[in-house]
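Taking it in order: structure first as structure tokens, then the write-up.
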Amino acid sequence: MNSGAFQQFFSSLEDPRQSAKVEHLFTDILFLVVCASIAGAQGWEDIEDFGDLHFNWFAKKGLFKNGLPVHDTIARVISRIDSEQFQYCFIDWMKSVAELSDGQLIAIDGKRLCGSYNRENRLSAIHMVNAFATENNVVLGQVKTESKSNEITAIPALLALLDIKGCLISIDAMGCQTDIAEQIIERGGDYLLAVKGNQKTLHHAVRKALGSEIDEEVLCLEKQHGRNEARAYCVMDAGSLADAFPEWKGLKSIGVALSYRRTKSGNESLEYRYYISSAKLSKARFANAVRSHWAVENSLHWVLDASMKEDQCQIYRGNAAEVLSGARKIALNMLRAETSRKISIPRKQKRAHGSTDYLEQVLTAGLKTLGDI
């Protein structure tokens, strides 16, 4: 590669191999994995096949001067990458290419990699906590945690890596912790945290304060997937609750989202979801933030599974599952950056697999602020 836009941020990764035994450049292999992920590769043999199919294209860029590595070599190298170093590189890259507007929502949520269950050692599938900029529709970073309960420790680690100044950070009830709220404030952001039974006293106080204020004006009424849905929102100044709960640093607003659903069979349900925030939220901004939070499920987690087949990837060797998860998110960010035609992610993947010209378009769109690929 001549110009190193990709290398600019990923060449700082340490090569895990013994230098005397190196036949293929480390950054060449990593670049192959990212390109193959753009084209929809799901396993080591898929990555090798993609490289073999487009070997002339890689060779013209000065890569793989000793020929293409076999899939066992690719697997051995990727599984030994320092995953923490990889996350730093990924996040540094996203800081350079993603411009976050003041007040933008960053949704933080976890996802289990179902295929990463280690059958040899009977270890649980790994769990990734992701940060998703809902307006830009891009993944900003990820951190691994061993189980769902450990999101409480993984979220602060992820927040410490991100630039969240001026942003509104939304997290579900798992992350409704005083330490997390304080960390967000200290880093220059605002929090919007869902409150449930894990904060029993706070939950009760918020429910009581909003009880007489709930405005059931329906903001959205729609029919989809055979059911009728309606939503309503109410938000108010935290008032005396901020004094009653001083441990929640910067508390300024409390709110509730009402969700009504009626299925085709006639079953009805009404759900109340309560929130606290350090931002002074209008009703419109609160409603938009609550709805936008679910983009991390619909626009990221669902796409990773439905379009990129993440849960079908049964790779668990070393750090491979975590690194490949990051490579898929890099690929997804790049695919979304390519907007010459309004087509689905799977169609873009097929085009990238069959055409190096289109693959160039995707790479250029994804790396455009860093220089030529």
Short N-O contact, [X] and [Y], less than 4.0 angstrom:
| X | Y | answer |
| --- | --- | --- |
| R261 | E268 | no |
| K280 | D237 | yes |
| E84 | K144 | no |

Kindly say whether [Y] contributes a backbone atom to a donor-acceptor pair with the side chain of [X] at under 3.5 angstrom?
| X | Y | value |
| --- | --- | --- |
| K309 | A306 | yes |
| T73 | P69 | no |
| S253 | A279 | yes |
| S277 | Y191 | yes |
| N333 | V139 | yes |
| R317 | A75 | no |
| D82 | L13 | no |

Going by heavy atoms in the side chains, are [X] and [Y] under 4.5 Å from each other?
| X | Y | value |
| --- | --- | --- |
| L251 | S278 | no |
| C167 | D190 | no |
| V290 | Y275 | yes |
| V235 | I254 | no |
| E360 | Y358 | no |
| C35 | L363 | yes |
| L210 | Y274 | yes |
| I126 | R112 | no |

Matching residue for W57 among T356, D357, L63 - test: side chain to side chain contact (heavy atoms under 4.5 Å, CB included): T356
Kindly state each residue pair satisfying ring pair (Phe, Tyr, Trp, His ring centres under 6.0 Å) with at least one member in residues 66-91, sequence neighbours excluded. none
What's the shortest heavy-atom distance between [X] and [Y], and which atoms?
| X | Y | answer |
| --- | --- | --- |
| I315 | Q42 | CD1-O, 4.2 Å |
| H293 | L105 | N-CD2, 3.7 Å |
| L159 | I184 | CD1-CG1, 3.8 Å |
| F64 | D28 | N-OD2, 3.0 Å |
| P16 | F26 | CD-CE1, 3.9 Å |
| I180 | G175 | CD1-O, 3.6 Å |

Please check if [X] and [Y] belong to a single hydrophobic cluster, counting links between Ile, Leu, Val, Met, Phe, Trp and Tyr side chain heavy atoms closer than 4.5 Å.
| X | Y | result |
| --- | --- | --- |
| V33 | V70 | no |
| I343 | W302 | yes |
| L202 | Y272 | yes |
| V323 | L25 | no |

Kindly check if the number of other-residue, nucleotide or ligand heavy atoms within 6.0 Å of NZ (K95) is above 12? yes
Give a yes or no on whether E45 atom CD has more than 12 heavy-atom contacts from other residues, nucleotides or ligands under 6.0 Å away. no
Where do V143 and M128 land on the side-chain contact (heavy atoms from CB on, under 4.5 Å) test, with the steps shown first? CA-CA 6 Å; V143 166; M128 304 301 300; 6.0 Å; no
Look up atom [atom1] in [X] and atom [atom2] in [Y], then write down how far apart they are to the nearest 0.5 Å.
| X | Y | atom1 | atom2 | value |
| --- | --- | --- | --- | --- |
| I91 | L161 | CD1 | CG | 4.0 Å |
| I38 | I345 | CD1 | CD1 | 11.0 Å |
| I78 | I47 | CD1 | CD1 | 7.0 Å |
| C176 | K196 | SG | NZ | 11.0 Å |
| E48 | L53 | CD | CG | 12.0 Å |
| D305 | D311 | CG | CG | 3.5 Å |

For residues [X] and [Y], is any side-chain donor paired with an opposing acceptor at under 3.5 Å?
| X | Y | result |
| --- | --- | --- |
| N319 | S79 | no |
| K348 | S344 | no |
| N136 | Q104 | yes |
| Q87 | E322 | yes |

According to side chain to side chain contact (heavy atoms under 4.5 Å, CB included), who are the partners of H301, at least two apart in sequence or on a separate chain? D109, K111, N130, V296, E297
E271: salt bridge (charged side-chain N to carboxylate O under 4.0 Å, His left out) partners, not counting sequence neighbours: R273
Go through the steps for L324 and E310 under the test side-chain contact (heavy atoms from CB on, under 4.5 Å), then give the verdict. CA-CA 9 Å; L324 288 181; E310 182 167 79; over 6 Å; no
I'd like to know whether F245 forms a side-chain contact (heavy atoms from CB on, under 4.5 Å) with T201, so could you lay out the CA-CA distance, the side-chain angles of the two residues, the decisive distance to 0.1 Å, and finally the verdict. CA-CA 10 Å; F245 294 89; T201 304; 4.0 Å; yes
Checking side-chain contact (heavy atoms from CB on, under 4.5 Å) for the pair R285/L168: CA distance, chi angles, key distance, verdict? CA-CA 11 Å; R285 189 184 179 200; L168 181 64; 3.9 Å; yes
So F58 and H54, ring-ring contact (aromatic ring centres under 6.0 Å, His included) or not? Walk me through it. CA-CA 7 Å; F58 285 107; H54 299 298; 7.5 Å; no
Under 30°, 30 to 60°, or over 60°: which ring-plane class applies to F50 and H353, parallel, tilted or perpendicular? tilted
